[in-house]
Amino acid sequence: MPYNVCFYYEGKNMTQTTIEKIAVSDGQEALICGWVYNKRSSGKIRFLLVRDGTGIIQVVIAKPELMDAFDRLTQESSVKVIGRIRADARAPGGYEMEATSIDIVQIADEYPITLKEHGTAFLMENRHLWLRSQRQWAVLRIRAEVIKASRDFFDGNGFTLIDTPIFTPAACEGTTTLFETQYFDDKAYLTQSGQLYSEATAAAFGKVYCFGPAFRAEKSKTRRHLTEFWMIEPEMAFADLDDTMQLAEDFIHFIIQRVLENRQRELSVLERDIEKLRRVKKPFPRISYTDAVQVLQKEGSKIKWGDDFGSPEETLLSSKYESPVLVHRYPTAVKAFYMKPDPQDPNIALGVDVLAPEGYGEIIGGGQRLDDHALLLKRIEEHQLPKESFTWYLDLRRYGSVPHSGFGMGIERVTAWMCGIDHLRETIAFPRTLYRIYP
RNA sequence: UCCUCAGUAGCUCAACGGUAGAGCAUCCGGCUGUUAACCGGAGGGUUGGGGGUUCGAAUCCCUCCUGAGGAGCCA
């Protein structure tokens with residue numbers, strides 16, 4: 001195994017074994033490098049729970065010469081432990097290690113996070129340590145799987161990864177507040193979406209996607225918002241709204257299958273009801289905005305045609321389905337300036353939002369882009385956007401303009417849904433929220 | 001920005017006008033199969049800051065600070 005630690009012990013060279021793959025070492029001597037998760041003792045026999053980032057194993061200490069080392073160990077002390085691996089039903093995990101050597105790397109100071117309950121304020125203050133907990137381990141491993149599945153999906157379907165800039169000269173969408181920063185003698189803004197640039201790269205590469213952080217300076221203070229979040233955004237030339245809806249459906253379905261296949265242990269640590277994920281089936285329901293408004297009104301909502309959906313409307317609508325629902329053709333007035341109007345009715349835009357089930361809300365927003373130069377120019381003026389900044393964007397409509405469409409998917413929202421957890425802050429290692437930028 | 005709720009031991013909480021307490025963590029002692037082990041003992045506090053009411057305030061009132069949830073906006 002490459003990149004694993006070696007350790008010279010009693011004339012032998014031991015190579016580090018990961019707890020995840022401990023079964024292959026059954027009956028043999030192995031080296032585990034990790035941290036003390038917990039310890040217990042019962043008279044002359046002691047139990048040490050060691051975690052190494054891939055799992056947790058119980059180490060049994062019966063040799064008298066190891067007792068002193070055991071007694072000195074504190075929670076989260078770092079250790080290298082050598083011992084014989086054997087299956088034992090009494091051990092959490094099914095395998096345990098009978099220690100022959102304990103090499104203490106560092107004795108940890110009194111660890112603030114105990115195995116008892118803590119409040120979220122305290123845990124967030126200690127986010128750098130909270131990451132070591134089982135639950136955070138499971139969530140972030142699922143996040144990694146969501147990202148890997150996303151990239152595999154696009155890479156495997158003819159999309160080229162072309163990343164877009166973080167520093168931008170102006171707003172992508174005039175509506176949202178941007179983080180302003182100094183750019184030498186000028187001002188620059190942190191991007192809130194790579195989409196506009198992906199429209200340029202789509203005209204160069206056909207099918208593209210970008211994956212990176214997005215920044216929104218909105219003073220949103222809810223469990224569904226971060227000021228810094230990660231978004232994956234495909235964009236396709238020669239594609240219309242229906243193509244994009246099909247892509248979104250296939251994409252989400254693919255991610256769910258991957259998570260179910262490869263992250264069973266993590267889902268069970270989180271006690272996720274995986275039946276709810278299994279019940280997601282293609283084709284996903286599709287409903288026009290206009291029909292959705294009627295459904296909502298029938299359910300007692302006070303929404304009127306022309307209003308954008310708020311969080312309560314999203315929850316109400318999506319609760320009627322077991323699969324994500326694709327809501328398409330919104331009023332032009334509530335959507336971004338670059339949305340293409342429906343040729344049948346200019347008051348309607350060819351946009352689509354995907355609402356996840358179980359109240360997880362909007363996970364995807366996208367649609368077909370305006371490809372007409374004159375109309376796009378008019379919209380930029382109507383939205384009072386700085387025209388100079390959009391010269392290049394308008395150029396895309398002058399040189400071989402084509403129907404094109406795409407969407408953006410929020411990694412954290414999808415991860416929260418996969419995990420069945422109720423707050424976005426746990427789906428990213430170091431969340432940035434309205435009132436938190438530490439640690 | 002607005003609305004609601006909460007700040008008491010390192011952590012999670014109790015005491016709700018009358019001497020600030022428990023569990024966990026820490027330290028000491030006990031136990032040969034523990035499963036957030038258990039049992040016994042010890043140390044640990046300007047009750048978020050400031051002001052007010054009262055004989056007396058963690059408790060009631062005002063104000064500020066910090067945090068959480070929600071609204072708007074969005075992925």
Side-chain angles (χ1 to χ4, degrees), chain A residues 37-49 56 58-64 67 70-71 74-76 88-94 96 98 108-126 129-130 133-134 172-178 191-195 212-233 248 307-315 334-336 351 353-356 360-366 407-417 422-425 427-428 433-436 438:
Chain A
Y37 181 74
N38 196 11
K39 53 189 254 190
R40 297 185 270 267
S41 71
S42 177
K44 297 288 177 288
I45 190 165
R46 317 280 162 102
F47 301 94
L48 194 64
L49 286 153
I56 295 176
Q58 174 162 285
V59 178
V60 184
I61 290 120
K63 292 171 76 175
M67 295 303 177
F70 176 92
D71 289 343
T74 55
Q75 190 188 354
E76 288 303 318
D88 192 313
R90 291 170 294 187
E96 63 183 17
E98 201 163 335
D109 286 353
E110 189 181 333
Y111 193 63
I113 301 178
T114 65
L115 296 174
K116 298 282 177 177
E117 283 165 19
H118 296 282
T120 46
F122 174 78
L123 290 168
M124 286 307 304
E125 202 59 28
N126 291 285
L129 303 175
W130 188 21
S133 78
Q134 283 254 75
C172 296
E173 307 167 25
T175 54
T176 338
T177 316
L178 295 164
T191 186
Q192 55 185 296
S193 162
Q195 183 212 313
F215 307 89
R216 306 260 164 111
E218 282 291 333
K219 299 213 167 178
S220 300
K221 191 171 161 31
T222 81
R223 66 181 78 188
R224 291 180 306 280
H225 290 87
L226 299 169
T227 55
E228 178 182 319
F229 63 97
W230 286 69
M231 192 154 61
I232 193 154
E233 298 175 278
D307 295 343
D308 203 356
F309 292 169
S311 188
E313 285 79 26
E314 285 183 1
T315 305
V334 301
K335 285 293 172 185
D353 283 353
V354 180
L355 309 180
Y360 281 94
E362 185 180 345
I363 50 171
I364 278 182
F407 61 77
M409 186 192 80
I411 294 292
E412 289 78 13
R413 286 191 179 175
V414 170
T415 303
W417 172 37
D422 67 354
H423 207 300
L424 245 48
R425 68 184 153 214
T427 62
I428 185 165
T433 59
L434 184 51
Y435 295 121
R436 184 171 296 283
Y438 176 92

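Any value given below was found using the heavy atoms of this structure, including those in side chains, with hydrogens, waters and symmetry copies removed. Throughout, protein chains are lettered first and strands after them, A, B, ... in sequence-line order, and every chain is numbered starting at 1. Just so it is clear, the structure is predicted and the values come from calculations on it, not from any experiment.
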Practice prompt. Round to a whole Å and report the spacing from OH of A:Tyr438 to P of B:G67.
Written response: 14 Å

Practice prompt. List for me each residue that meets side-chain contact (heavy atoms from CB on, under 4.5 Å) alongside A:Lys44, sequence neighbours excluded, and say none if there are none.
Written response: none

Worksheet, complete the sentence: Atom CD of A:Glu313 and atom P of B:C74 are separated, to the nearest Å, by 13 Å

Worksheet entry | Counterpart residues, ring pair (Phe, Tyr, Trp, His ring centres under 6.0 Å), relative to A:His118 (two or more places apart) | A:Phe122

Worksheet item: Atom CD of A:Glu125 to atom P of B:G48: distance rounded to whole Å?
Response: 18 Å

Worksheet item: Counting side-chain heavy atoms from C-beta on, which of B:G69, B:A75, B:G72 comes nearest to A:Arg425?
Response: B:G69

Fill in: Partners passing side-chain contact (heavy atoms from CB on, under 4.5 Å) against A:Ala121 (at least two apart in sequence or in another chain)
none

Worksheet entry | Atom pair OG1 (A:Thr120) and NE2 (A:His423), whose distance is rounded to the nearest 0.5 Å | 7.5 Å

Item to complete: Not counting sequence neighbours, which residues clear side-chain contact (heavy atoms from CB on, under 4.5 Å) with A:Leu129? List them please.
Response: A:Tyr111, A:Pro112, A:Ile113, A:Asn126, A:Arg132

Worksheet item: Got a sec, which residues hit ring pair (Phe, Tyr, Trp, His ring centres under 6.0 Å) with A:Trp230, two or more places apart in sequence or on another chain?
Response: A:Phe211

Item to complete: Rounded off to whole Å, could you give me the CG-to-P distance for the A:Asp353 and B:A75 pair?
Response: 7 Å

Discussion item. I need the A:Asp422 CG to A:Tyr360 OH distance, nearest 0.5 Å.
Written reply: 6.5 Å

Practice prompt. Please state the C1' separation for the pair B:U54 and B:G48 - nearest whole angstrom.
Written response: 23 Å

Worksheet item: Are A:His225 and B:G72 close enough that a side-chain N or O sits under 4.0 Å from OP1 or OP2?
Response: no

Worksheet item: Which heavy atom of A:Glu228 sits nearest a heavy atom of A:Ile428, and at what distance?
Response: O-CD1, 4.2 Å

Atom pairs under 3.5 Å: protein N/O with N/O of nucleotides 12-15 of chain B:
{"residue": "B:U12", "atom": "OP1", "partner": "A:Gly119", "partner atom": "N", "Å": "3.0"}
{"residue": "B:U12", "atom": "O4'", "partner": "A:Glu117", "partner atom": "O", "Å": "3.4"}

Worksheet item: Paired stems touching RNA chain B, three or more consecutive Watson-Crick or G-U pairs with both distances under 3.5 Å?
Response: B:1-7 with B:65-71, B:10-13 with B:21-24, B:26-30 with B:38-42, B:48-52 with B:60-64

Pairs under 3.5 angstrom, nitrogen or oxygen only, protein versus nucleotides 1-4 of chain B, please.
{"residue": "B:U1", "atom": "O4", "partner": "A:Lys219", "partner atom": "O", "Å": "3.2"}

Worksheet item: Hey, which of these two, A:Thr227 or A:Pro312, hits RNA chain B nearer its 5' end, going by closest nucleotide?
Response: A:Pro312

Practice prompt. To the nearest Å, give me how far apart CG (A:Asp422) and P (B:A68) are.
Written response: 14 Å

Discussion item. Applying salt bridge (charged side-chain N to carboxylate O under 4.0 Å, His left out), can you list everything that pairs with A:Arg90, at least two apart in sequence or on another chain?
Written reply: A:Asp88

Discussion item. Please give the distance between the C1' atoms of B:G44 and B:C5 as a whole number of Å.
Written reply: 30 Å

Practice prompt. Could you work out the separation of B:G33 and B:G41 based on their C1' atoms and round it to a whole Å?
Written response: 26 Å

Discussion item. Please give me the minimum heavy-atom distance between A:Gln192 and A:Ala214, naming the atom from each residue.
Written reply: O-CB, 3.5 Å

Fill in: Rounded distance in Å - CD (A:Glu362) to C1' (B:C74)
7 Å

Discussion item. So A:Leu226, base contact, sugar-phosphate only, or nothing? Heavy-atom distance under 4.0 Å.
Written reply: base

Discussion item. Taking only the C1' atom of each, what is the distance from B:U47 to B:U8 in whole angstrom?
Written reply: 4 Å

Fill in: A:Arg413 versus A:Arg224, closest heavy-atom pair with distance
NH2-O, 3.0 Å

Practice prompt. Please state the P separation for the pair B:G67 and B:C73 - nearest whole angstrom.
Written response: 25 Å

Worksheet item: Is the distance from OP1 or OP2 of B:A71 to the nearest side-chain N or O of A:Arg224 less than 4.0 Å?
Response: yes

Item to complete: Considering non-hydrogen atoms only, spot the tightest contact between A:Val334 and A:Asp307 and give its length.
Response: CG1-C, 4.4 Å

Response to the item:
Contacts of A:Ser41 meeting side-chain contact (heavy atoms from CB on, under 4.5 Å) (sequence neighbours excluded), chain-then-number -> A:Arg46, A:Phe70

Discussion item. I'd like the C1' distance from B:G7 over to B:A58, given in whole Å.
Written reply: 11 Å

Practice prompt. Counting heavy atoms from C-beta on, name the nucleotide in B:G67, B:G72, B:A75 closest to the side chain of A:Arg436.
Written response: B:G67

Worksheet entry | Separation of B:C74 C1' from A:Leu178 CG (nearest whole Å) | 13 Å

Item to complete: Return the value, rounded to whole Å, for the distance between atom CG of A:Asp308 and atom P of B:A71.
Response: 14 Å

Worksheet entry | Rounded C1' spacing from B:G50 to B:G29 in Å | 47 Å

Worksheet item: How is A:Met231 classified with respect to the nucleic acid when contacts are heavy atoms under 4.0 Å: base, sugar-phosphate, or nothing?
Response: sugar-phosphate

Worksheet item: Listed by chain and number, what are the salt bridge (charged side-chain N to carboxylate O under 4.0 Å, His left out) partners of A:Arg436, not counting sequence neighbours?
Response: A:Glu125

Worksheet item: Looking at CD1 of A:Ile363 and CD of A:Glu412, how far apart are the two atoms once the value is rounded to the nearest 0.5 Å?
Response: 13.0 Å

Worksheet entry | Distance, P atom - from B:C62 to B:U53, rounded to whole angstrom | 15 Å

Worksheet item: Closest heavy-atom contact between A:Ser193 and A:Gln195?
Response: OG-N, 3.0 Å

Item to complete: Do nucleotides 20-33 of chain B as a string where each nucleotide becomes B, S or -: B if the base has a protein heavy atom under 4.0 Å, S if just the sugar-phosphate does, - if no protein is that close.
Response: ----SSS----BBB

